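Just so it is clear, the structure is predicted and the values come from calculations on it, not from any experiment. A note on names: the letters A, B, ... follow the listed sequences, proteins ahead of strands, and every chain is numbered from 1.
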Protein chains: 2
Amino acid sequence: MIEELITLINKSVNLAPQDVDLCMSQFELVQFPHSAIIEVEGKVPTYLYFIISGYVRLFYFDEKGNEITTHINCPPGFITSYFNFINQKVSAENLQSITDCTLLRISKANLGFLLEHSAVFKNYSIMVFEQALAYNENRAKEMATLSAEQRYLKLIKNYPDVLKNVPVQYIASFLGMKPESLSRIRKKILQ
Amino acid sequence: MIEELITLINKSVNLAPQDVDLCMSQFELVQFPHSAIIEVEGKVPTYLYFIISGYVRLFYFDEKGNEITTHINCPPGFITSYFNFINQKVSAENLQSITDCTLLRISKANLGFLLEHSAVFKNYSIMVFEQALAYNENRAKEMATLSAEQRYLKLIKNYPDVLKNVPVQYIASFLGMKPESLSRIRKKILQ
DNA sequence: AAATCCACTTGATAAATGTTAGGAAATGAA
DNA sequence: TTCATTTCCTAACATTTATCAAGTGGATTT
């Protein structure tokens, strides 16, 4: 299972055998059925997760009690409430499995251990951070400049498998629109 | 002039006298009249800027040739096309002064020198990065969930001086709406 | 099989925002 | 100054998206 993680990291940096061993010793394999709450709002996020299989989302409840999905991720990707995990602050978000899923997880303390004992992982973590920054900047830009239909078209173009595995209500929320609007957009596109 | 920068950094980390000296040796003071293009699209961003006085924005041209403002900043803040500056990649954005302004700037090489020779600055730079990530994540969330009016109300509540110093067309673009929409919203709020 | 639930869709209508056009006020150049 | 340009605002109309209410079909329960 951990090979997926090693493979992903090796695409960005070169892991020595001892790095691989170190990595394997710090991550823990866990499984969840679909719709399980993995990390709950109101607490400090315990783990950073790497997705081996399945789909996972982050969501919170707005002032009207509506679920707002802020992130959806799939293999091979990391997911957690990053800022609150890194700074060990209380998060307002829930991490939930969308499908059955297999994950690797690492605690803040163990991640710290990993980064202290291997400059390679430290460099890699900075890269992940930069990518997350660029991703969020791009997402803000798209939300500001694209119409709901353009945002949906871009999503299915870049992540076609999301549609097969994630309920449309979650997709609608993630794209910043109502399920009814997404339903109409989908109907329009079919013709 | 550099005192503003030192003061800001000292709010987050404790700078020793030699850190202050090091910092002063790496930053350079520059001035620009209003509406000057400070960094131009199609090139690798040369400097990271710290704003001493004045307002600055980042913008690009979309496929229809419209200016899209992605960031607006004021003292005491940093501004550049972060991702492209850090990775020394070609940027699609222009950095422009909105008002007359006084800036401190540092090249990528000099920033590297600063981070290598002072762990304090290294820690500070990681904090700045984390804050930028949190900022972008929040901005994406607001763009996805708030109406144009709510976004404007939040802006003038959090940054009331922006309104006095930045043309409304830039503000409208930054908030992801047309100037006409912002004009209507402003009129509505007055009553 | 009937009842229930849930996700998704559909339709009618309302609200928000975009588009187009024009005009007043401020700004800059000759 | 005067003229031209730019910025900002306004209005009428078009389009997009939200809201509210209802219906469909599949899955689950009893």
Kindly confirm or rule out a cation-pi arrangement of A/Lys108 over A/Tyr47, judged by NZ or CZ under 6.0 Å from the six-membered ring centre and within 45° of its axis? no
Listing time: all N or O pairs from protein to nucleotides 26-30 of chain C that are below 3.5 Å?
none

Closest non-hydrogen atom pair between A/Asp19 and A/Phe121, with its separation: O-CE1, 3.4 Å
Outer limits of DNA chain D sitting under 4.0 Å from a non-hydrogen atom of chain A, read 5' to 3', are D/dT17 to D/dC20
Rounded distance (nearest 0.5 Å) linking atom SG of B/Cys74 with atom CD1 of B/Ile51: 6.5 Å
Under 4.0 Å, heavy atom to any atom of DNA chain C: which of residues 55-70 of chain A qualify? none
Might you work through the side-chain contact (heavy atoms from CB on, under 4.5 Å) test for B/Glu93 and B/Thr70, ending with a clear yes or no? CA-CA 9 Å; B/Glu93 292 180 318; B/Thr70 56; 2.8 Å; yes
Counting the atoms with a prime plus P, OP1 and OP2 as sugar-phosphate, which does B/Arg184 contact under 4.0 Å by heavy atoms, base, sugar-phosphate, or nothing? base
Just how far, in rounded Å, is P of C/dT9 from NZ of A/Lys187? 10 Å
Whether B/Ser181 contacts C/dT17 is assessed here as follows: a side-chain N or O lying under 4.0 Å from the phosphate OP1 or OP2. Is that the case? no
Atom pair distance, as rounded to whole Å: CG in A/Leu190 and P in C/dC8: 15 Å
Whether over 12 other heavy atoms sit under 6.0 Å from A/Asn14 CG: no
Nearest-Å distance for atom pair CG/C1', residues A/Leu182 and C/dC8: 10 Å
Taking atom C1' of C/dC8 as reference, at what distance in whole Å does atom CD1 of A/Ile189 sit? 16 Å
Counting only N and O atoms by type, is there a donor-acceptor contact under 3.5 Å from the side chain of B/Ser173 to the main-chain atoms of B/Thr69? yes
Rounded to the nearest Å, what distance is computed from the NZ atom of residue A/Lys178 to the C1' atom of nucleotide C/dC8? 16 Å
Please tell me whether A/Glu142 and A/Asn138 have a donor and an acceptor in their side chains that are separated by less than 3.5 angstrom. yes
Tell me, with the steps shown, if A/Phe83 and B/Leu133 meet side-chain contact (heavy atoms from CB on, under 4.5 Å). CA-CA 8 Å; A/Phe83 185 81; B/Leu133 181 63; 5.7 Å; no
What is the bend of the helix from C/dA1-D/dT30 to C/dA30-D/dT1 when you compare the axis at one end with the axis at the other, using five pairs each and rounding to 10°? 40°
Run B/Glu39 and B/Tyr49 through side chain to side chain donor-acceptor pair (under 3.5 Å) and show every step you take. CA-CA 10 Å; B/Glu39 298 270 355; B/Tyr49 296 86; 2.8 Å; yes
Would you kindly give the CZ-to-P distance between B/Arg186 and C/dT17, to the nearest whole Å? 16 Å
Set out, in order, the CA-CA distance, both residues' side-chain angles and the distance that settles side-chain contact (heavy atoms from CB on, under 4.5 Å) for A/Gln96 and A/Phe59, then state yes or no. CA-CA 8 Å; A/Gln96 184 187 35; A/Phe59 75 95; 3.5 Å; yes
Going by heavy atoms closer than 4.0 Å, what residues in residues 137-176 of chain A are next to DNA chain D? A/Ser147, A/Ala148, A/Gly176
Same cluster or not: A/Tyr60 versus A/Ile37, using hydrophobic residues (I, L, V, M, F, W, Y) connected whenever any side-chain heavy atoms lie under 4.5 Å apart? no
Could you identify which residues cluster with A/Val166, counting Ile, Leu, Val, Met, Phe, Trp and Tyr as linked when any side-chain heavy atoms lie under 4.5 Å apart, either directly or through a chain of such contacts? A/Tyr55, A/Ile72, A/Ile98, A/Tyr135, A/Tyr152, A/Leu153, A/Leu155, A/Ile156, A/Tyr159, A/Val162, A/Leu163, A/Val168, A/Tyr170, A/Ile171, A/Phe174, A/Leu175, A/Met177, A/Leu182, A/Ile185, A/Ile189
Please evaluate residues A/Leu103 and A/Phe27 with respect to the criterion side-chain contact (heavy atoms from CB on, under 4.5 Å), reporting the C-alpha separation (whole Å), side-chain torsions for both, the decisive distance (0.1 Å), and the verdict. CA-CA 10 Å; A/Leu103 310 172; A/Phe27 276 90; over 6 Å; no
What are the two closest non-hydrogen atoms of B/Ile38 and B/Ser97, and how far apart are they? CD1-N, 3.8 Å
Is B/Phe78 close to B/Leu8 at the side-chain level, that is, under 4.5 Å between some pair of heavy atoms? yes
Does CE in A/Met24 sit with more than 12 non-hydrogen atoms of other residues, nucleotides or ligands closer than 6.0 Å? no
